[in-house]
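No hydrogens, no waters, no symmetry mates; every other heavy atom, side chains included, goes into these values.
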Amino acid sequence: MNKINPIIKQRYKEKYEKSAKRILQAIKRYDRIAISRHIMPDYDALGTQMGLYTWIKDNFPNKEVIILGDNHVTFTPRLYPVMDSVNNEWFKKPFLSIVLDVGNHNRIADPRYKKAKYKVKIDHHPETEVFAKTSIVDTSAAAAAEIVINILLNFKGYTLSKEAASYFYTALVGDSGRFQYSSTSTHTFAVAEELLKTGIDISEIYQRMYVKQIDDLQVTAYILNNFHISPKGVAYYILDWETCQRLKITTERGKENVNLFSNIEGINAWCSITEDPKDNCWRVSLRSKKLPINGVAAMFEGGGHAQASGCKLHKIEELPNLIGELDKLFE
């Protein structure tokens, strides 16, 4: 792993080096490390979290490292291990907190990161607030994993194991839309190349990531029979809580079929709208073929990336306003 792609070295020198060195010093300094990420985790959040956890344990086996946050309804334990259950006593002694893939503190899955003696943040979302002593934020990266992998590859004398690379690959693939989103760059592919060098089996990884159950076909069938398309080519489907229960899915799983519309001619953007009775709102996942939709997401208490964002509606009656704002993009 000594000879890495020069694109990776260049990005490191230009954007990461100074802060990355401080992060490595902090990892060396603290014997107790907690790794966190955002609530309702996706591939990038969990894959980057587990990849970094594995890298630290591989290279610093005597350190006590914990992974914090909520489990995913289907990824856990199919792809990633169950998160650690840690009582409050653990946080009374000095520890390092590394927070990944989250821009603002109220979306961090476990608030006990605040008790850390030293805090680090690595993210690819636009920075809305500063909550860490050392931060690396690169909005040009397709995934938080892309940044973390670059940094680790540039740390001389350390190994990137096949296990760690497998976790990172799920994160990179998941947040880049299998390298289809516009955020995918030559650097993204350079990082993927380095992961492949470890000998990971991408066929096996893809199988585990995207395996479906027979019951899932019923969900797909329902969506294909009940979707809508706006005058300007915005496709969307609505899953109220009663329908979710009938289809045997959770609110978190409502967005799993959003990309059914990604390659359909005449559809410019697409979204899922799923009722969340726990928070008394409707969760929305937004996607776009070309134009940025994160500005529209921000109008509805959300945000995210140019072509992949999320937001929420307090009442389903707000949906026409959301679709109307999306339609304006394509006039």
Side-chain angles (χ1 to χ4, degrees), residues 1-5 8 12 20 23-24 26-28 30-38 41-72 74-86 96-101 109 120 122 124 141-176 178-179 187-211:
M1 299 296 291
N2 290 329
K3 293 183 179 180
I4 60 175
N5 192 303
I8 294 175
Y12 181 78
I23 292 172
L24 181 58
I27 291 173
K28 290 179 177 178
Y30 287 89
D31 291 327
R32 304 166 75 251
I33 302 170
I35 306 177
S36 306
R37 36 70 186 170
H38 63 73
D42 54 11
Y43 287 119
D44 193 24
L46 286 166
T48 307
Q49 183 182 37
M50 282 309 306
L52 181 58
Y53 168 86
T54 305
W55 183 89
I56 294 174
K57 292 299 292 182
D58 287 341
N59 291 282
F60 301 91
N62 294 324
K63 291 189 181 294
E64 184 179 358
V65 188
I66 60 172
I67 46 175
L68 299 175
D70 46 329
N71 293 304
H72 192 277
T74 59
F75 298 169
T76 308
R78 189 182 84 233
L79 279 170
Y80 311 106
V82 173
M83 296 291 106
D84 290 323
S85 179
V86 186
L96 165 67
S97 171
I98 303 177
V99 181
L100 305 167
D101 194 36
V120 165
I122 304 174
H124 68 135
E146 184 176 337
I147 306 168
V148 176
I149 298 162
N150 178 299
I151 292 168
L152 301 183
L153 289 170
N154 279 283
F155 288 162
K156 296 180 180 179
Y158 299 97
T159 61
L160 178 63
S161 68
K162 186 176 177 180
E163 181 184 5
S166 294
Y167 285 130
F168 281 133
Y169 192 80
T170 65
L172 194 64
V173 166
D175 241 29
S176 67
R178 302 192 218 185
F179 308 109
H187 180 267
T188 312
F189 283 115
V191 164
E193 177 189 20
E194 297 302 325
L195 297 180
L196 288 172
K197 287 179 182 179
T198 66
I200 60 175
D201 184 342
I202 61 172
S203 295
E204 188 268 340
I205 291 173
Y206 282 124
Q207 174 62 28
R208 288 194 296 117
M209 287 180 71
Y210 300 113
V211 65

Test L100 against L52 for side-chain contact (heavy atoms from CB on, under 4.5 Å), laying out the working first. CA-CA 10 Å; L100 305 167; L52 181 58; 4.1 Å; yes
Those residues at least two apart in sequence (or on a different chain) that pass ring pair (Phe, Tyr, Trp, His ring centres under 6.0 Å) with H38 are none
Test of understanding: with salt bridge (charged side-chain N to carboxylate O under 4.0 Å, His left out), list the residues that count as partners of R178, not counting sequence neighbours. none
According to the interplanar angle, ranging from 0 to 90°, do the rings of Y12 and F155 count as parallel (below 30°), tilted (30 to 60°) or perpendicular (above 60°)? perpendicular
Quick one: pull up OG1 in T54 and CZ in F168 and give me the separation to the nearest 0.5 Å. 7.5 Å
For I8, does its backbone N or O pair with a side-chain atom of N150 as donor and acceptor, under 3.5 Å? yes
Roughly how far apart are T198 OG1 and Y169 OH, rounded to 0.5 Å? 11.0 Å
Is the shortest side-chain heavy-atom distance between L195 and I149 below 4.5 Å? yes
If we only count heavy atoms from C-beta on, is the Y206 to V173 side-chain gap below 4.5 Å? yes
Which residues pass the side-chain hydrogen bond (donor to acceptor under 3.5 Å, both in side chains) test with E146, not counting sequence neighbours? H187, T188
With sequence neighbours left out, the residues meeting side-chain hydrogen bond (donor to acceptor under 3.5 Å, both in side chains) with T74 are H72
Would you compute the distance between atom OH of Y210 and atom OH of Y43 and round it to the nearest 0.5 angstrom? 5.0 Å
Sidechain-backbone polar pair: N59 side chain, T159 backbone, donor-acceptor under 3.5 Å: yes
Side chain to side chain contact (heavy atoms under 4.5 Å, CB included) partners for Q207, two or more places apart: V211
Value rounded to 0.5 Å, distance of CD1 in I67 from CD1 in I35: 8.0 Å
Would you name the heavy atoms of L172 and S176 that are closest together and state the gap between them? O-OG, 2.8 Å
Heavy-atom pair with the smallest gap, counting every atom of I27 and W55: CD1-CZ3, 4.4 Å
Taking atom CG of N154 and atom CG of L24, what is their separation to the nearest 0.5 Å? 11.5 Å
Sequence-distant partners of L196, side chain to side chain contact (heavy atoms under 4.5 Å, CB included), two or more places apart: I200, I202
Correct closest heavy-atom pair for A109 and G69 would be CB-CA, 3.5 Å
Minimum heavy-atom distance between L160 and A165, given as atom pair plus value: CD1-N, 4.3 Å
Just to verify, what does A171 make a side chain to side chain contact (heavy atoms under 4.5 Å, CB included) with, not counting sequence neighbours? D44, T48, A145
Where is the tightest heavy-atom contact between Q49 and L68, given as atom of each residue plus distance? NE2-O, 2.9 Å
Of all residues at least two apart in sequence or in a different chain, which pass the side-chain hydrogen bond (donor to acceptor under 3.5 Å, both in side chains) check with Y167? none
Qualifying salt bridge (charged side-chain N to carboxylate O under 4.0 Å, His left out) pairs, either residue in residues 46-64, two or more places apart: D31-K63, R32-E64
side-chain hydrogen bond (donor to acceptor under 3.5 Å, both in side chains) against D70, all qualifying residues, sequence neighbours excluded: R37
If you look at every heavy atom in F75 and D42, which pair is closest and at what distance? CE1-C, 4.1 Å
Would you give the length of the straight line joining atom CD1 of I98 to atom CD1 of I56, rounded to the nearest 0.5 angstrom? 4.5 Å
Taking the side chain as every heavy atom from C-beta outward, state whether Y80 and T170 have any atom pair closer than 4.5 Å. yes
Check: I4 main-chain N/O paired with E194 side-chain donor or acceptor under 3.5 Å: no
